[in-house]
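One structure is given here, and the rest of the page talks about it.
What's counted below: heavy atoms across the whole structure, side chains too, no hydrogens, waters or symmetry copies. Just so you know, ligand 1 is whichever comes first in the structure, and atom 1 is the first atom listed for that ligand.
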Amino acid sequence: MQIDGSTQIVGVFGAPITHTASPAMHNAAFAALEMNWTYLAFHVEPPNLRQALFGVRDMNFRGVNLTIPHKILALDIVDEVDAEARRLGAVNTVTVAAGKLRGFNTDGYGFAKALKEEFDLSLKGKRVLVMGAGGAGRAIAIKCAIDGAAKIVVANRTSAKLSPIAHEIGKTKTAFESIKLNEVAAALANVDLLVNATAVGLNEGEGFDLPDAVFTPALAVYDTIYRPAETALLRQAARAGAKTSNGLSMLLHQGAKAFEIWTGLKAPLPVMRRALRAAVYGETT
Ligand code: NAP
């Protein structure tokens, strides 16, 4: 589609941003549906986020995604925050409607949808151990509680990040426990799903000190990292017999939900998945 005076603009703000695969995924969807829309990536530093979002509104963009480090900052900038985004404590999708900025969070949805797709697993009644209490770990742990998990255990290097999660989960019927990272192995005996939401594994070979015996066929291991495609955690878990998935499915489904929020159309998932795999792994099929 030729860019012209009617082209509708969406995009992503982040710092850094050059690694993002979201333009490939969304632009493939627009092309497949022959929509005159384009998705662009913008490097925005945190002190400029407010002005940049006002620009989105004033220049009549249809919306933007927000990634590191903007998801929490945006809560105090947008005019309205959707209820789930408020509970998850982060905004990753912004729309512009009637001159107002509205914030949503599609990461929680993307995570839950990915579990269904990868493991045919629904969170209701499950016992989940989340490693990580940064933006992703917090949103995932709280989404598990919102979706009716029986118990959430969160392990994080920095314990100060655990109390806001405990507070939010305390409003639900889900049991909550916080542990140290070196207590994960012992806690895994009573867990259905292990999630890595730390940055550990982003560098090839980096991993956790866990014994093979914890990775039983009854355990599903979801690593939110998708680059590299197989972290040391996933490699060990798969070899030792657990079910495994990397984080590309979460990225896909959060993007698909954002697409649907902006356009009101059903996201063309196979097209978006292919574009994402081509952008992230160089696949050409
Ligand atoms: P963040 O807010 O910066 O949080 C980083 C997390 O990693 C914190 O829990 C931090 O612990 C932990 N961490 C960092 N280095 C560590 C180390 N050496 N040892 C132990 N823990 C360490 O980042 P985020 O946005 O939550 O992202 C976290 C992960 O999720 C990243 O790997 C990212 O790729 C992934 N992610 C994936 C998707 C997806 O769609 N698949 C979406 C968002 C994020 P401290 O609190 O102790 O610093």
Side-chain angles (χ1 to χ4, degrees), residues 12-17 19-22 24-26 46 65-75 85 88-93 104-115 117-118 129-144 152-166 178-185 194-210 221-234 244-259 269 272-273 276-277 279-281:
V12 58
F13 291 173
I17 197 60
H19 65 282
T20 179
S22 291
M25 168 168 62
H26 285 281
N65 283 137
L66 302 174
T67 188
I68 288 177
H70 299 314
K71 293 184 192 185
I72 297 169
L73 287 171
L75 280 170
L88 300 186
V91 165
N92 82 323
T93 301
F104 297 83
N105 186 304
T106 69
D107 284 332
Y109 167 89
F111 171 71
K113 189 85 179 165
L115 295 181
E117 181 180 285
E118 303 283 5
L129 196 162
V130 182
M131 297 190 289
R138 179 194 154 107
I140 285 170
I142 296 169
K143 176 65 176 172
C144 290
I152 315 290
V153 182
V154 180
N156 199 50
R157 183 178 57 179
T158 307
S159 56
K161 290 194 189 152
L162 294 164
S163 53
I165 302 176
S178 63
I179 60 171
K180 297 193 163 51
L181 279 170
N182 63 13
E183 295 169 329
V184 166
L194 169 66
V195 181
N196 177 30
T198 73
V200 177
L202 283 172
N203 297 317
E204 198 71 57
E206 234 174 32
F208 300 91
D209 189 18
L210 296 169
V221 181
Y222 193 86
D223 199 325
T224 61
I225 294 174
Y226 52 87
R227 195 165 20 206
E230 188 177 57
T231 58
L233 171 68
L234 289 185
T244 59
S245 169
N246 76 16
L248 199 77
S249 40
M250 178 175 166
L251 183 66
L252 169 69
H253 289 294
Q254 65 74 30
K257 185 74 179 176
F259 179 96
L269 277 176
M272 295 174 83
R273 190 190 312 270
L276 207 48
R277 296 193 69 89
V280 177
Y281 304 130

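Side-chain contact check for L233 versus M131: some heavy-atom pair is nearer than 4.5 Å. Considering only heavy atoms from C-beta on, V280 comes within 4.5 Å of L248 through its side chain. Taking 4.5 Å as the limit, every side-chain heavy atom of V130 sits out of range of all side-chain heavy atoms of I165.
For atom 3 (O) of ligand 1, no protein non-hydrogen atom is found at a distance below 4.0 Å. Distance remark: protein heavy atom present below 4.0 angstrom from atom 37 (C) of ligand 1.
Counting heavy atoms under 4.0 Å from ligand 1, residue A136 touches it through both backbone and side chain. In D107, neither the side chain nor the backbone holds a heavy atom less than 4.0 Å from any atom of ligand 1. For L251, heavy-atom contacts with ligand 1 shorter than 4.0 Å involve the backbone as well as the side chain.
Considering each of T106, L202, N92, the one bringing a non-hydrogen atom nearest atom 34 (O) of ligand 1 is L202. Considering only non-hydrogen atoms, atom 22 (C) of ligand 1 lies nearest to R157 out of Q254, E206, M250, R157. Closest to atom 11 (O) of ligand 1 by heavy atom, among N156, V154, T158, D223, is N156.
Under a cutoff of 6.0 Å and an axis angle of 45°, K143 and F111 do not form a cation-pi pair.
Closest to atom 21 (N) of ligand 1 among all protein heavy atoms lies V200 CG2, 3.9 Å. The closest protein non-hydrogen atom to atom 23 (O) of ligand 1 is I68 CD1, 4.1 Å. Of all protein heavy atoms, the one closest to atom 28 (C) of ligand 1 is A197 O, 3.3 Å.
Using a 4.0 Å heavy-atom cutoff, L181 is listed among the residues neighbouring ligand 1.
Just one residue in the list N196, I225, T244 forms a side chain to side chain contact (heavy atoms under 4.5 Å, CB included) with L234, and that residue is T244.
Nearest heavy atom pair, residue G247 against residue Y222, reads CA-OH, 3.3 Å.
The main-chain N or O of P164 is never found under 3.5 Å from a side-chain atom of R138 such that the two would form a donor-acceptor pair.
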